[in-house]
Number of protein chains: 2
Amino acid sequence: MLDKIDLKIIEVLHQNSRASFVEIGKLIPLSASSVRERIQKLEELEIIKAYTLKVDYSKMGYGLEVFIMIKLFSGKLESFMAALDSFPEIKRAIRITGSHNIHMKVVLKDQLHLQRFIDMLIKYGEPTTQLILSELK
Amino acid sequence: MLDKIDLKIIEVLHQNSRASFVEIGKLIPLSASSVRERIQKLEELEIIKAYTLKVDYSKMGYGLEVFIMIKLFSGKLESFMAALDSFPEIKRAIRITGSHNIHMKVVLKDQLHLQRFIDMLIKYGEPTTQLILSELK
DNA sequence: ACTGAAAGCGACCAGAT
DNA sequence: ATCTGGTCGCTTTCAGT
């Protein structure tokens, strides 16, 4: 299915998704058109789901990054999912097993912003908040 | 500091970090060279930290994605941090507040792989595992 | 800061091994 | 599945506003 060349391509794109086919080809080594064909196949198979970006939220004025887990009240899953799009603070939301149903990464300006956000959340369930200190990996 | 054009550029790159300057420029609208200048500035300021990739781990033979939180034993932080690089299963590791010190996203082949991974982890602390069910956002 | 022009380079497609 | 060659479009630089 996936050979070592595919894995290497994915690794390179993981480090820099804007790398050109020529650039990737030099690291393999492989011609640019073959790199292109393989990447197209990976995209068609949806093994590559998206090309995206890592930004520094603190430098954008959002100094508080937190994980919030929430134990949704019975029957609130539908409305919570519908509300997700209206909160740009929520960068990621994932259903998980365990006593909390949802795990979120949330980005906020300051404590006041966090307080308002939690006040909103308690309509849907019981939230637990953990501050993000630093990224180890 | 960041105006609406910068935010729009970041938004476009977030959806597709391989978008060309011309392409981004058409959506703003702005000339390709101005888009390039702004992106270079965002990179220099390290507001844009990296261009990266989203892959489908289950299609790569890693059917189990989990969050593992760990409450490290006293004095184990150093050795745990040093060990991070040797475990490709750990896709992300973050220091957090609360009774658990570390939050990790871990990708594994199957239950046996998870068991072996947890057996390894208990050298460093008390792990708690939550299976990832689905990504809502 | 933004634009537009010119040169160089990469993406893309076709055809061959 | 990979490569080469040719065309077109994009990137890059820079002079001008």
Side-chain angles (χ1 to χ4, degrees), chain A residues 1-63 88-89 91 107 109-110, chain B residues 1-63 88-89 91 107-110 135:
Chain A
M1 195 183 135
L2 284 194
D3 63 14
K4 283 173 184 170
I5 296 177
D6 291 319
L7 293 176
K8 179 72 178 171
I9 289 173
I10 288 171
E11 187 195 322
V12 173
L13 286 174
H14 201 89
Q15 285 168 38
N16 175 20
S17 62
R18 280 182 82 79
S20 73
F21 299 142
V22 174
E23 216 172 317
I24 299 165
K26 280 175 185 163
L27 297 168
I28 304 264
L30 197 66
S31 75
S33 35
S34 293
V35 172
R36 181 178 177 276
E37 265 184 40
R38 279 175 177 266
I39 289 179
Q40 274 186 332
K41 183 156 285 175
L42 292 170
E43 289 171 356
E44 279 161 24
L45 294 172
E46 288 176 296
I47 288 169
I48 292 177
K49 290 195 290 187
Y51 299 101
T52 185
L53 199 63
K54 284 202 177 176
V55 298
D56 189 322
Y57 289 110
S58 69
K59 287 184 176 149
M60 294 174 70
Y62 291 84
E89 295 96 335
K91 298 301 174 186
V107 171
K109 291 202 199 83
D110 49 35
Chain B
M1 195 183 137
L2 286 194
D3 64 12
K4 284 172 185 173
I5 295 177
D6 291 320
L7 293 176
K8 179 70 178 171
I9 288 173
I10 288 171
E11 187 194 323
V12 173
L13 286 174
H14 201 90
Q15 285 167 36
N16 176 20
S17 62
R18 280 182 81 80
S20 72
F21 300 140
V22 173
E23 216 172 317
I24 299 166
K26 280 176 185 164
L27 295 168
I28 302 253
L30 198 66
S31 73
S33 28
S34 292
V35 172
R36 186 183 124 81
E37 269 182 36
R38 280 174 177 265
I39 289 179
Q40 275 187 330
K41 183 157 286 176
L42 292 170
E43 289 170 357
E44 280 160 22
L45 294 172
E46 288 176 298
I47 288 168
I48 291 177
K49 290 194 290 185
Y51 300 100
T52 185
L53 199 63
K54 285 201 176 177
V55 298
D56 188 323
Y57 289 110
S58 69
K59 286 183 177 151
M60 293 173 72
Y62 291 84
E89 296 96 335
K91 298 302 173 185
V107 171
L108 307 135
K109 291 203 198 79
D110 48 35
E135 309 217 355

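Computed over heavy atoms, backbone and side chain alike; hydrogens, waters and symmetry mates excluded.
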Provide, to the nearest angstrom, the distance between the CD atom belonging to B:Q40 and the P atom belonging to D:dT13.
7 Å
If you find the nucleotide of DNA chain C closest to A:S33 and the one closest to A:K26, which residue's nucleotide is nearer the 5' end?
A:K26
Rounded distance [0.5 Å steps], NZ in A:K8 versus CG in A:D6
13.0 Å
About how many Å separate CG of B:L53 and CG of A:L53, when rounded to the nearest 0.5 Å?
12.5 Å
For the pair made of CZ in A:R38 and P in C:dA11, what is the distance, rounded to whole Å?
17 Å
Nucleotide nearest B:L30 when distance is taken to its side chain, options C:dC2, D:dT11, D:dC3:
C:dC2
Between A:S31 and A:R18, whichever has its closest DNA chain D nucleotide further toward 5' is A:S31
Give the nucleotide from the list C:dA1, D:dT2, C:dC2 with an atom nearest to the side chain of B:K41.
C:dA1
Touch class at under 4.0 angstrom, heavy-atom based, for B:S20 against every strand present:
sugar-phosphate
5'-most contact on DNA chain C: B:I5 or A:F21, nearest heavy atom basis?
B:I5
Does any non-hydrogen side-chain atom of B:M60 lie less than 4.5 Å from one of B:V107?
no
C:dT3 phosphate, OP1 or OP2, under 4.0 Å from B:S34 side-chain N/O:
yes
Tell me, do B:I5 and B:R38 make a side-chain contact under 4.5 Å, heavy atoms counted?
yes
Touch class at under 4.0 angstrom, heavy-atom based, for B:R36 against every strand present:
base
Nucleotide C:dC13, atom P - distance to CD1 of A:I39 in whole Å:
15 Å
Find the distance B:L2:CG to C:dA1:P and express it as a whole number of Å.
12 Å
Once you apply a heavy-atom cut-off of 4.0 Å, does A:E37 come out as touching a base, just sugar-phosphate, or nothing?
base
